[in-house]
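In this chain, residues are counted from 1 in sequence order. Indexing begins at 1, ligand by ligand and atom by atom, following the structure's order. For clarity, every value in this text was computed on a predicted model and none was experimentally measured.
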Amino acid sequence: MITTVGVLGAGQMGNGIAHVFAQYGYRVVLFDIAQAQLDKALATIGQNLERQAKKGAIAEALVGETLGRIVTTQDMAGLADVDIAVEAVSENEALKLEIFRKLDGIVKAGAILASNTSSIPITKIASVTGRPDRVIGMHFMNPVPVMKLVEVIRGHATSEETFAQTAALVARLEKEMAVSQDYPGFIVNRVLIPMINEAIFALYEGVASAEDIDKGMKLGTNQPMGPLTLADFIGLDTVLAIANVLYDGFKDPKYRPCPLLVKMVNAGHLGRKSGRGFYSY
Ligand code: NAD
């Protein structure tokens with residue numbers, strides 16, 4: 001039975017993942033190399049819980065109870081007894097492989113090792129452990145406490161038991177699951193990023209203005225925002241990185257990143273976070 005969850009990485013995603021597990025009654029051990037990130041994560045979780053309580057989404061008493069279920073550590077040895085570890089460290093393949101190699105030697109036998117990676121093959125991550133059957137992808141969406149979806153990715157060696165336990169866990173968090181095999185971009189980025197890239201090509205080729213491309217897609221296909229606005233939200237560097245994962249992974253020119261996207265990233269126009277992308281902020 002899963003009662004204790006390890007979360008590796010206390011950044012944007014890690015704090016959200018720790019938040020939801022603790023909110024649904026799991027004991028959480030949150031690990032990061034940076035104490036400042038752990039402190040910031042606890043503060044963020046507290047603020048987000050308070051906001052949920054104010055809106056009436058959760059009971060006020062749950063704020064303190066949830067925070068009380070989370071302990072933090074800068075020592076990976078603190079994860080020895082968890083029933084599942086969910087890794088959400090920076091998206092760097094060498095780093096993730098090193099973390100999983102080490103984690104496999106620390107976490108008790110039989111525990112599940114999950115990764116929140118957006119683009120690194122689960123099969124490759126699993127291959128550096130002695131338990132590839134217990135490794136799986138759990139791809140949460142940002143912001144984790146709000147977004148309903150978890151993409152669950154089966155690695156080449158992921159067992160049925162690991163999959164079934166992970167599926168049950170997603171349901172316990174009251175989230176919906178979309179199951180993907182382990183191919184570049186999984187489901188969501190495989191479809192989303194080429195759409196955004198095509199919108200950038202349309203702008204690049206002078207088909208229409210950024211405003212009209214977004215208006216067309218927003219009102220014409222009933223999306224909450226247009227693809228260029230969404231790209232500015234995600235960060236153009238991240239969009240380009242994922243586009244390159246698709247391009248390199250499939251070796252298919254249909255995924256080639258638009259030259260305008262590459263140029264904007266080179267210029268440092270990364271979207272909202274840099275104050276300028278397809279729009280100014
Ligand atoms: P982030 O930069 O906000 O957080 C990364 C955290 O990892 C930092 O707190 C950092 O201190 C920590 N870290 C770095 N090296 C470490 C190490 N050796 N040991 C322990 N901790 C270490 O990144 P993020 O946006 O939270 O992304 C984390 C993962 O989630 C990535 O794999 C990313 O692809 C994936 N993801 C991100 C999003 C998103 O929208 N941001 C969505 C889905 C999935």
Could you verify whether a donor N or O on one side chain and an acceptor N or O on the other, from [X] and [Y], lie under 3.5 Å apart?
{"X": "Arg69", "Y": "Tyr24", "result": "no"}
{"X": "Gln223", "Y": "Thr221", "result": "yes"}
{"X": "Glu87", "Y": "Ser115", "result": "yes"}

> Considering only heavy atoms, which protein residues lie less than 4.0 Å from any atom of ligand 1?
Replying inline: Gly9, Ala10, Gly11, Gln12, Met13, Phe31, Asp32, Ile33, Gln37, Ala88, Val89, Ser90, Glu91, Leu95, Lys96, Ile99, Asn116, Thr117, Ser118, His139, Phe140, Asn142
> What residue pairs, at least two apart or across chains, pass salt bridge (Lys or Arg N to Asp or Glu O under 4.0 Å) with a residue in residues 108-127?
Replying inline: Asp83-Lys108, Glu93-Lys124
>> Quick check on Gln74: does its CD atom have over 12 non-hydrogen neighbours (other residues, nucleotides or ligands) under 6.0 Å away?
In response: yes
>> Before we go on, tell me: are the rings of Tyr26 and Phe21 under 6.0 Å apart, centre to centre?
In response: yes
